[in-house]
Undergrad: 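One structure, pasted below without further comment.
The structure displayed is predicted, hence computed values, not measured ones.
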Amino acid sequence: MGIGLMVIGAVWLVNAYGLPQGARYAAVGPGLFVTISGAALLILGAILILQIWRGESFQPQDAEDALADAKMDKRAFLTALVAVAVPVATMGPLGMPFTATLSFVLVANAFGSRRWWMDLTCGAILACASWFLFSQLGLQLGRFFPPLGF
């Protein structure tokens with residue numbers, strides 16, 4: 001896990017090198033956040049490797065409300081994995097609000113929600129509001145729903 005964090009941090013740092021660290025209107029550019037995140041992942045990965053090397057065990061805490069011997073829920077994991085992969089396939093052809101709504105419903109289902117109509121409603125409201133607010137700020141998230149032409 002620690003090595004994985006360090007690899008992700010290194011990838012972020014390599015990609016941050018091509019982004020501007022400063023901007024015209026503000027002293028902070030997009031590359032700065034990616035650089036900070038990449039460095040933090042490297043540091044956290046190194047700390048995790050050090051803790052494992054020292055023999056520190058990782059057991060669930062009382063506040064986590066988790067069973068140490070519980071098996072992984074593969075259905076929930078795969079549902080969440082699909083929710084993360086959905087935007088790759090649907091963002092362009094279906095638009096940001098539809099994609100975000102679908103991902104919201106899938107993640108809610110992975111966390112145990114069985115009220116899909118409520119998840120669909122909440123996801124659609126949040127996704128549409130986000131798209132509208134970002135468009136008002138001048139940030140383009142693509143067209144609202146490309147199959148219908150808007």
Undergrad: Write down the atom of S113, the atom of D119, and the distance for their closest heavy-atom approach.
TA: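 Heavy atoms only, the tightest pair is OG-OD2, 2.7 Å.
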Undergrad: Rounded to the nearest 0.5 Å, how far apart are CG of L137 and CZ of F132?
TA: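 Between atom CG of L137 and atom CZ of F132 there are 10.0 Å.
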Undergrad: Testing the basics here: between M96 and L141, what is the closest heavy-atom pair and its distance to 0.1 Å?
TA: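 For M96 versus L141, the nearest heavy atoms are CB-O, 3.8 Å.
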Undergrad: Under 4.5 Å between side-chain heavy atoms, hopping through other hydrophobics if needed: is there a path connecting Y17 to L32?
TA: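 Hydrophobic grouping puts Y17 apart from L32.
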Undergrad: Can you check whether L106's main-chain N or O pairs, donor with acceptor, with T79's side chain at less than 3.5 Å?
TA: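 No.
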Undergrad: Determine whether S103 and P87 make a side-chain contact, defined as any pair of heavy atoms from C-beta on separated by less than 4.5 Å.
TA: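 Side chain of S103 against side chain of P87, heavy atoms only: contact under 4.5 Å found.
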Undergrad: Might you point out which heavy atoms bring G142 and W131 nearest each other, and give the distance in Å?
TA: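 Scanning both residues, the minimum pair turns out to be O-NE1, 3.1 Å.
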Undergrad: Taking atom CE of M1 as the centre, does the number of heavy atoms from other residues, nucleotides or ligands within less than 6.0 Å exceed 12?
TA: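 Open: at most 12 neighbouring heavy atoms sit under 6.0 Å from CE of M1.
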Undergrad: Looking at G123 and F104, what are the two nearest heavy atoms and their distance?
TA: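 Nearest pair, atom of G123 first, then F104: CA-CD2, 3.5 Å.
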Undergrad: Do you see a donor-acceptor pair shorter than 3.5 Å between the side chains of N109 and R75?
TA: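 The criterion, which ignores hydrogens and geometry beyond distance, is satisfied for R75 and N109.
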Undergrad: Please say yes or no: joined through hydrophobic side-chain contacts below 4.5 Å, possibly via intermediate residues, are V105 and F98 part of one cluster?
TA: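 They do not share one cluster, since no chain of ILVMFWY contacts under 4.5 Å joins V105 to F98.
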Undergrad: Should F134 and F145 be counted in the same cluster of Ile, Leu, Val, Met, Phe, Trp and Tyr side chains packed under 4.5 Å apart?
TA: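 Same hydrophobic cluster.
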Undergrad: Group every Ile, Leu, Val, Met, Phe, Trp and Tyr by side-chain heavy-atom contacts under 4.5 Å, then state whether I3 and M6 land in the same group.
TA: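 Same hydrophobic cluster.
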